[in-house]
Number of protein chains: 2
Amino acid sequence: MSDPQFKSWQAIQAEVLRRIHARDWPPGHTIPNEVDLAREFGCARATVNRALQSLADSGLLERRRKAGTRVALHPVGKATLDIPVLRQEIETRSMTYGYRLVERALACAPAALGTDKTALHLIALHYADDVPYVVEDRWINLTSVPAAAEQPFDRISANEWLVITAPYTNGDISFTAEVAGAEQARLLNTDTGAAVFVIDRTTWDHDQTITTVRLTYAPGYRIHTAIGTGMTAK
Amino acid sequence: MSDPQFKSWQAIQAEVLRRIHARDWPPGHTIPNEVDLAREFGCARATVNRALQSLADSGLLERRRKAGTRVALHPVGKATLDIPVLRQEIETRSMTYGYRLVERALACAPAALGTDKTALHLIALHYADDVPYVVEDRWINLTSVPAAAEQPFDRISANEWLVITAPYTNGDISFTAEVAGAEQARLLNTDTGAAVFVIDRTTWDHDQTITTVRLTYAPGYRIHTAIGTGMTAK
DNA sequence: TAGTGGTCTAGACCACCTG
DNA sequence: AGGTGGTCTAGACCACTAG
């Protein structure tokens, strides 16, 4: 039983994965408990726990106290997207980053900002190699970030300033496709009617809204990531 | 020093977060090592490790052996998207799921499939409450999944069949916005020229391609998720 | 209420990396 | 070369929950 070849949690994870793929443990099957697996693999229970927890995080296993650990019937794929600051995103692609403030005004906040007070409205353009890359349409809650009122945002984008100045505890992000409106098509230097990728994001510090922003990317933008069990391949 | 109130790794995580937000530990600062923190918090080093590792996973800390743990200069936001099977995605929204196979043919595989052999090409429609929800345009590598050749896919979608039959170790997914072509506009029962959300996904089993699929969602589709440090708020 | 996963401890060794 | 995080161990207690 005690097999000295499974010592690291990665090795155990790989073996469990193998058994799932080989249908030794088919979808829906309840696998042995941690104590038994630890005995079989000849390691501590904590090591088995680490391996199984990792697989549960990636959605392949479902674990419940007392009920045990089951192989997921419908493994929900999990994709982790990195949402870097725009400057970094562009510079990572070896392009020159540029920024231009288009509009800065105080106005009545939209509903999404969760405040009825006056808020700061910014519209800005981010460039990659002098080509419009994304339009940033942002509202900042001046109640939670009063310092923003003093900030011109003509050289440093709110995108960059906020991550350093106003940390958030919580956020909400969504992605969709839209037809470019006349104004945004003009800013992005593209045709009205082009399909644009849109990211809407709102962040809070505990229960107070900090900012809500709509990023409208130039046509052709593609967000990209890897999915998988963490096994390196290809 | 030894403070008995920080016993769980979540409590330690919260305290570390507080110090970061309060600028006790500003961006770029190297925080005390695990041994010192464990002594300060009056807990085991493993507990501190768990808390810091969790924060490193969410991108707020950068850890390196010997160099220590630093507060990230540009906290890269991480968003975890759940990519459920389409049937589930639709039924979760309390809508009735429907499926119709549009085309099934053997043809020369596209480059993305990474094989020059004949592959199975499927086009199918998924409905929510009898309204077209998404077009599935899929290629299946018959070398890695020979059983797919026998499968009619007229009642069960490849989307569903594959997750049960052909597990993957690795994948690649990307999101973009496109203008609906004539064929897809017809299938989605929408106007040509509408902006549609597109997901491209390719999966491998180790180094062998299993399938590549393009999901074209009906206009208005929005993918949505939460971001944050795991602290529950709002 | 009993079985299972979740977590903590105290100690140890190792792998990696910076200085 | 030495400090730091990464991991493993053996044991313990706790929290949740299915039966």
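The model shown is predicted, which means the values in this text are computed figures rather than measured ones. Chain A is the first sequence line, chain B the second, and so forth, proteins listed ahead of strands; every chain is numbered from 1.
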Taking distance alone, no hydrogens or angles, what donor-acceptor pairs closer than 3.5 Å link side-chain atoms of residues 64-81 of chain A to residues at least two apart or in another chain?
unit_1: A/T69; atom_1: OG1; unit_2: A/R63; atom_2: NE; d: 3.1
unit_1: A/T69; atom_1: OG1; unit_2: A/R63; atom_2: NH2; d: 3.4

Item to complete: Give the dot-bracket string for DNA chain D, reading 5' to 3', where a pair is Watson-Crick or G-U wobble with both distances under 3.5 Å, ( ) marks pairs inside the strand, [ ] marks pairs crossing earlier ones, | marks a partner on another strand, and . marks unpaired.
Response: ||||||||||||||||||.
Worksheet item: Rounded to the nearest 0.5 Å, what separation is found between the CG atom of B/L120 and the CD atom of B/E150?
Response: 11.0 Å
Practice prompt. Looking at every strand, decide which applies to A/R50 at a 4.0 Å heavy-atom threshold: base, sugar-phosphate, or nothing.
Written response: sugar-phosphate
Worksheet item: Which residue lies toward the 5' end of DNA chain C, A/L52 or A/A46, if each is placed at its nearest nucleotide?
Response: A/L52
Worksheet entry | Boundaries of the DNA chain D segment in contact with chain A, non-hydrogen, under 4.0 Å | D/dT7 to D/dA18
Worksheet item: Near DNA chain C, which residues from residues 26-37 of chain A have a heavy atom under 4.0 Å away?
Response: A/N33, A/E34
Worksheet item: Quick one, which residues of residues 66-78 of chain A touch DNA chain D with a heavy atom under 4.0 Å?
Response: A/K66, A/A67
Item to complete: Please check if any side-chain donor atom of A/Y133 sits under 3.5 Å from a side-chain acceptor atom of A/E89, or the reverse.
Response: yes
Could you pull out every donor-acceptor pair under 3.5 Å between side chains of residues 136-147 of chain A and any protein atom, sequence neighbours left out?
unit_1: A/E136; atom_1: OE1; unit_2: A/H126; atom_2: NE2; d: 2.6
unit_1: A/E136; atom_1: OE2; unit_2: A/R138; atom_2: NE; d: 2.6
unit_1: A/E136; atom_1: OE2; unit_2: A/R138; atom_2: NH2; d: 3.0
unit_1: A/E136; atom_1: OE2; unit_2: A/N159; atom_2: N; d: 3.4
unit_1: A/D137; atom_1: OD1; unit_2: A/H121; atom_2: NE2; d: 2.8
unit_1: A/R138; atom_1: NH1; unit_2: A/T211; atom_2: OG1; d: 3.2
unit_1: A/N141; atom_1: OD1; unit_2: A/T143; atom_2: N; d: 2.9
unit_1: A/N141; atom_1: OD1; unit_2: A/T143; atom_2: OG1; d: 3.4
unit_1: A/N141; atom_1: ND2; unit_2: A/T209; atom_2: O; d: 2.9
unit_1: A/S144; atom_1: OG; unit_2: A/N141; atom_2: O; d: 3.3
unit_1: A/S144; atom_1: OG; unit_2: A/T209; atom_2: O; d: 2.6

Worksheet item: Is the backbone of B/L162 close enough, under 3.5 Å, to the side chain of B/T165 for a donor and an acceptor to pair up by distance?
Response: no
Practice prompt. Just call it for A/R64: base, sugar-phosphate, or nothing, with non-hydrogen atoms closer than 4.0 Å on any strand.
Written response: sugar-phosphate
Item to complete: Go through the side-chain N and O atoms of B/H21 and A/D205 and say whether any donor and acceptor fall under 3.5 Å apart.
Response: no
Fill in: Nearest-angstrom distance from the residue atom CG of A/L55 to P of C/dG5
14 Å
